[in-house]
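Inspection log for the structure reproduced underneath, given as structure tokens.
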Amino acid sequence: MMNDSSILLESGTNELEIVEFGIGQNKFAINVMKVKEILNPVPVVEIPQSHPFVEGIMELRGEVLPVINVASALGLPQSGNPQMDKFIVAEFNQQKTVFHVHTVSQIHRISWTQIEKPSDLYQGQESQVIGVIKLGGEMVLFLDFEKILLEINPDSGVKISDVKKLGLRERSLKKIVIAEDSAMLRKMLHDTLSEAGFENLEFFENGQDAITYLEHLAGNPQELPGAVQLVITDIEMPQMDGHHLTKRIKEHPVLSKLPVIIFSSLITNELRHKGSVVGADAQISKPEIAQLVLKIDELIL
């Protein structure tokens, strides 16, 4: 069982802890905040006609959990020594999932500034890699586990149908700044928030770009109220995470009155305190887009 050592990290420092794991000779990482525990392999029940990435299901203390074969999801060879493999039990997007990997090596504490955005030259639209970390002369790839689950079950993501259930809505010219590193989720948020009536949207790929933009606007304090009315941020982003972005906004003499909503797969009862400490006005778990829209209404309409 892993202790949630990430709780020891002070909120808003722009640091994180990662679990380094291996698939063959390749090294990958998952945020410790997602990890509940790491197990030796246990029997898995195969499910007929399931998705190719789904190895089957297993029982863990009374819960039935899906087991995802990460090698299959990444198109890499299977383990040559499966009895020595590891199961990473993770929780995010309001669900628990088991990820079957080959090795688990160690935990590293790093800064988000150490995570580089993959270059478009080698990063295809379908890639599950959201960042590259240089550690000890080697490159560790930071994986987008949400995207892996979305490929298996498209209905698990942000859905425009959830917004349509809110009924006919008036158009709003209120300006919303959104920090989200996933191109797929930026498009989903654009489509769903536009459907909800919010068409004046400004997207940034990470918290660093967002705070640079906001601090520039703050140079003209009289114009700021008309320039932007609300910020939505993910937590996991290269260069600057959402907790640090929120802290920077709330500690800024001009920006501090801006409402900030953290919209992330990492909103759990255990981790909610981290957003509260940095001053977030609301925290909503992906993919609850209807809740996000209603909270935006509450804060700026």
Side-chain angles (χ1 to χ4, degrees), residues 1-4 6-7 16-19 21 28-39 41-47 49-74 86-101 104 128 130 142-163 165 180-182 184-185 188-189 192 233-237 242 261-275 282-293 295:
M1 175 79 88
M2 281 190 61
N3 292 322
D4 192 356
S6 62
I7 288 177
L16 76 156
E17 290 178 330
I18 56 170
V19 176
F21 66 90
F28 300 95
I30 181 173
N31 193 333
V32 164
M33 288 200 294
K34 286 186 166 81
V35 179
K36 303 299 290 184
E37 56 187 301
I38 297 170
L39 308 172
V42 300
V44 174
V45 177
E46 293 185 21
I47 303 295
Q49 298 181 329
S50 60
H51 191 280
F53 300 170
V54 178
E55 197 167 310
I57 55 175
M58 59 168 277
E59 183 179 354
L60 180 63
R61 290 185 288 278
E63 287 186 275
V64 176
L65 304 177
V67 180
I68 309 302
N69 188 303
V70 178
S72 297
L74 300 178
K86 297 294 181 183
F87 282 4
I88 298 176
V89 183
E91 183 176 13
F92 55 91
N93 275 3
Q94 300 179 321
Q95 61 181 329
K96 285 184 183 177
T97 307
V98 180
F99 293 98
H100 177 180
V101 304
V104 172
Q128 296 97 340
I130 54 174
F142 197 59
L143 286 186
D144 188 344
F145 286 90
E146 287 89 341
K147 186 169 185 179
I148 292 173
L149 292 190
L150 199 59
E151 288 183 34
I152 297 169
N153 179 19
D155 287 339
S156 66
V158 171
K159 300 192 292 292
I160 199 166
S161 59
D162 290 344
V163 174
K165 291 175 185 176
E180 169 59 65
D181 67 309
S182 166
M184 176 182 62
L185 275 167
M188 286 181 175
L189 283 169
T192 50
T233 180
D234 189 16
I235 291 177
E236 294 185 293
M237 295 180 290
I261 301 175
I262 297 178
F263 185 56
S264 168
S265 64
L266 290 174
I267 305 300
T268 63
N269 290 333
E270 292 88 352
L271 297 173
R272 189 174 292 274
H273 73 284
K274 286 181 169 286
Q283 300 178 74
I284 298 171
S285 176
K286 292 175 181 175
E288 301 296 340
I289 189 67
Q291 289 185 31
L292 176 63
V293 169
K295 182 56 69 172

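When a residue number appears, it is its place in the shown sequence, counting from 1.
Residues satisfying the ring pair (Phe, Tyr, Trp, His ring centres under 6.0 Å) test with Phe92, not counting sequence neighbours, are none. For Glu46, there are no side-chain contact (heavy atoms from CB on, under 4.5 Å) partners, not counting sequence neighbours. Every residue was checked against the salt bridge (charged side-chain N to carboxylate O under 4.0 Å, His left out) condition with Glu288, not counting sequence neighbours, and none meets it. Checked against side-chain contact (heavy atoms from CB on, under 4.5 Å), Leu150 has the following partners two or more places apart in sequence or in another chain: Ser156, Met184, Met188. Residues meeting the side-chain contact (heavy atoms from CB on, under 4.5 Å) test with Leu60, sequence neighbours left out: Glu37, Leu39, Met58, Leu65, Val89. Residues forming a side chain to side chain donor-acceptor pair (under 3.5 Å) with Ser264 (at least two apart in sequence, or on another chain): none. For Glu180, the salt bridge (charged side-chain N to carboxylate O under 4.0 Å, His left out) partners are Lys286, not counting sequence neighbours. With sequence neighbours left out, Ser72 forms a side chain to side chain donor-acceptor pair (under 3.5 Å) with Asn69, Gln78. Listed by chain and number, the residues in a ring pair (Phe, Tyr, Trp, His ring centres under 6.0 Å) with Phe21 are Phe28 (sequence neighbours excluded). Lys86 is linked by a salt bridge (charged side-chain N to carboxylate O under 4.0 Å, His left out) to nothing, counting only residues two or more places apart in sequence or in another chain. A search for side-chain contact (heavy atoms from CB on, under 4.5 Å) contacts involving Ala29 returns Ile18, Ile133, Val140, Phe142, not counting sequence neighbours. Among residues two or more places apart in sequence or in another chain, the salt bridge (charged side-chain N to carboxylate O under 4.0 Å, His left out) test is passed with Asp162 by Lys159, Lys165.
Between the side chain of Gln283 and the backbone N or O of Arg272 there is at least one donor-acceptor pair closer than 3.5 Å. Judged by distance alone, with hydrogens and angles left aside, the side-chain atoms of Gln94 form no donor-acceptor pair with the main-chain N or O of Ser285 at under 3.5 Å. A donor-acceptor pair is defined here as one N or O able to donate and one able to accept, closer than 3.5 Å; no such pair exists between the side chain of Asn93 and the backbone of Gln95.
Smallest separation of non-hydrogen atoms from Lys96 and Pro66: O-CD, 3.7 Å. Between Met237 and Asp234, the shortest heavy-atom distance links the atoms CE-O, 3.5 Å. Across all non-hydrogen atoms, the minimal contact from Phe99 to Val70 is CB-CG2, 3.7 Å. Shortest non-hydrogen contact noted between Met33 and Ile235 is CE-CG2, 4.2 Å. Of all heavy-atom pairs between Ile284 and Gln291, the closest is CD1-O, 3.6 Å.
With rounding to the nearest 0.5 Å, the separation of CG in Leu185 from OG1 in Thr192 is 9.5 Å.
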